[in-house]
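Inspection log for the structure reproduced underneath, given as structure tokens.
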Amino acid sequence: MTSVAPYPTSASPPPTYGAVLGSRHVTRLLAGTLTGRLPNGMVPVGLVLWITAAGGSLRFAGLLAALYGLASGLSQPVKGRLMDRHGQTLVSAPAVLVNSACLLALTSIGPSGHPATVTTVVTIAGAFTPPLEAGLRALWPTVLTDPEQRRVVQALDTGSQGLIYIAGPLLASLLATRHGPDTALAATAALGLAGTAVVLTAAPSRTWRPASDEAAAGERLMNTGLVRLFTASAGTGFAVGAMNVWAAGLATTTGMPMLSGVLPAAFSIGSFLGGLIYARISWRGPTTAQLLATSALTFLGFLPLIAEPGPRAAIGLSAVPGTFLALVVTNAFNAVGSLAPASRTTEAYAWLILSVGAGQAFGTALASSVASDPHLLSTLPAVGAATAFTVLLLSRRYLGPGRRVGRHRRPRALRTPPRTSPRHKKIPPPARPIGGPGHPILRERLLRRATMPSPRVQLSEGCSQGHEEAPSNAGWRVPLPTERAQAPGDGGVRGPRL
């Protein structure tokens, strides 16, 4: 397992943001990862504007955006596995080069190019998105050895992910409006290259290698805990995808198109604030308990949306489930780190990212199919969150230990044995004395003397001849224990006992 502790919290005050961000490499890795992942939020919007600006079909533009995200998500576990085997540089560097080259090639092909060619180039670009998020999660245990500092930086990392999907679409729209869609795609490629270069040239990324675990090398990645955790994460992603469609539906119903962007932005801002709050509070309890609690709060946060609130109330209510979403994702990454083999942590993180993305895509598709029913549409986010909480509740014994070692409880191995009363105390049997019959030492002596060549002295014969001299002990043979029983006619004479 990785060094991510199953109990990442303690009762001591959490480190400050300044202390964590001031640690070596932390700010660089965070900033580089956010910059390198901006294309994830820019490419879908940039492709739609690139196609529609030339008079293309909105349906085809949406298909391209969906293919880019699908190819990026499905290729995450493969890239994570390769990263665990060969390091981060040999995987992310070629990936970002191919990704940027494909985005630049689109500007040369043009939106009026053959649809098959454009589709192929977009799919390849999505498949070669660099796995920066999974790689960063694998780097934190080597950058920050203190579990409390890791908890803070992971919460900041999770909360800041929402900013990608706020700043990315806005930046792509701004560049496409002022300088043209081709410029937006070129700028997207440049930002991906720059951010990835910042991460890969940092010392932790260059020197990172997966933990060598020979015992886990042949062990399969998937276990019961990980499978159920990924299933629950897909439910969380389903809720997010359904909420985006609900925002678009509410914008159509109220005649306020701006709500389709404002509501997801409020959700993302809530996620960022939730990460900040989580990082500043000392949470007591194991990761499993925190995961259950935050998942339940996320479900409760989606419930007010079923009442179909008005536009103003919807903006404020959208931030509530987003606040708890950052907490759910942070604890999910912590749980994956404690359940996955040490030599396959990056791949496990990539599977978690894929689970959330696949759930989000399924939620978007299902919500789009029932968009004509506003009431049913408003219930889908809560259904996804309820599914995630139910799966976690039924799987809690597979996700890790259920109790945290606190100040008033010591590990079982360190506890003093319970006191027992004398009447219940088990007294060991006394050792047999060396001279007792059947003792191993006595038996060895008897056998050694039995093999001596000295003649046997019969005490009765010596007495009958009138010898007054007492026989020497050197001529005696000590009889074996089996010979000590009085035989008939031996006169009752026995050999001396030791």
Side-chain angles (χ1 to χ4, degrees), residues 158-159 161-162 165 228-254 256 259-275 277-278 289-332 352 355-396 399:
T158 304
Q161 289 182 30
Y165 300 98
R228 299 196 179 193
L229 179 60
F230 295 156
T231 304
S233 300
T236 303
F238 179 93
V240 176
M243 182 181 174
N244 292 332
V245 180
W246 168 80
L250 184 62
T252 303
T253 303
T254 59
M256 302 176 63
L259 288 179
S260 60
V262 172
L263 293 178
F267 184 83
S268 299
I269 292 174
S271 177
F272 178 69
L273 295 177
I277 295 172
Y278 179 81
Q290 295 184 33
L291 189 58
L292 284 170
T294 52
S295 180
L297 292 174
T298 304
F299 165 65
L300 295 177
F302 278 117
L303 285 180
L305 303 184
I306 301 178
E308 301 180 20
R312 294 184 179 179
I315 296 175
L317 293 175
S318 298
V320 176
T323 303
F324 301 113
L325 178 70
L327 281 62
V328 173
V329 175
T330 300
N331 286 300
L352 179 63
S355 301
V356 176
Q360 186 173 353
F362 180 63
T364 302
L366 184 60
S368 300
S369 64
V370 299
S372 57
D373 189 346
H375 181 68
L376 180 59
L377 181 60
S378 63
T379 61
L380 287 182
V383 171
T387 302
F389 173 70
T390 303
V391 173
L392 290 175
L393 185 63
L394 297 177
S395 310
R396 60 187 182 278
L399 300 178

message = Let's go through W246 and L263 carefully: what are the C-alpha distance in whole Å and the side-chain angles of both, what is the deciding distance for side chain to side chain contact (heavy atoms under 4.5 Å, CB included) to 0.1 Å, and is it a yes or a no?
response = CA-CA 9 Å; W246 168 80; L263 293 178; 3.8 Å; yes

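- Atom CG of L250 is separated from atom CE of M256 by 8.5 Å, given to the nearest 0.5 angstrom.
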inquiry  = For I315 and L259: C-alpha separation, side-chain torsions, deciding distance, then whether side chain to side chain contact (heavy atoms under 4.5 Å, CB included) applies.
reply    = CA-CA 8 Å; I315 296 175; L259 288 179; 4.3 Å; yes

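- Looking at S271, its side chain never comes within 3.5 Å of a backbone N or O of F267 through a donor-acceptor pair.
- Nearest heavy-atom pair, A385 versus F299, reported as atom, atom and distance to 0.1 Å: CB-CA, 3.7 Å.
- Taking the side chain as every heavy atom from C-beta outward, F238 and T387 never approach each other to under 4.5 Å.
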request  = Dump the intermediate steps for side chain to side chain contact (heavy atoms under 4.5 Å, CB included) on S295 and L292, then the final yes or no.
outcome  = CA-CA 5 Å; S295 180; L292 284 170; 5.8 Å; no

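- Minimum interatomic distance between S372 and P374 (heavy atoms only, all atoms of both residues): O-CD, 3.3 Å.
- Exactly one of N331, L392, T330, V329 qualifies for a side chain to side chain contact (heavy atoms under 4.5 Å, CB included) with T294. That residue is N331.
- With sequence neighbours excluded, the residues forming a side-chain contact (heavy atoms from CB on, under 4.5 Å) with T236 are L325, V328, A388, listed by chain and number.
- Closest non-hydrogen pair, A367 versus L380, comes out as CA-CD1, 3.6 Å.
- Sorted by first and then second residue, the ring pair (Phe, Tyr, Trp, His ring centres under 6.0 Å) pairs with a member in residues 363-393 form an empty list; sequence neighbours excluded.
- Residues satisfying the side chain to side chain donor-acceptor pair (under 3.5 Å) test with T298, not counting sequence neighbours, are none.
- Of all the heavy atoms in L377 and G249, the pair that sits closest is CD2-CA, 4.4 Å.
- Closest of all the heavy-atom pairs between A326 and G275 is CB-N, 3.9 Å.
- Across all non-hydrogen atoms, the minimal contact from G301 to P304 is O-CD, 3.3 Å.
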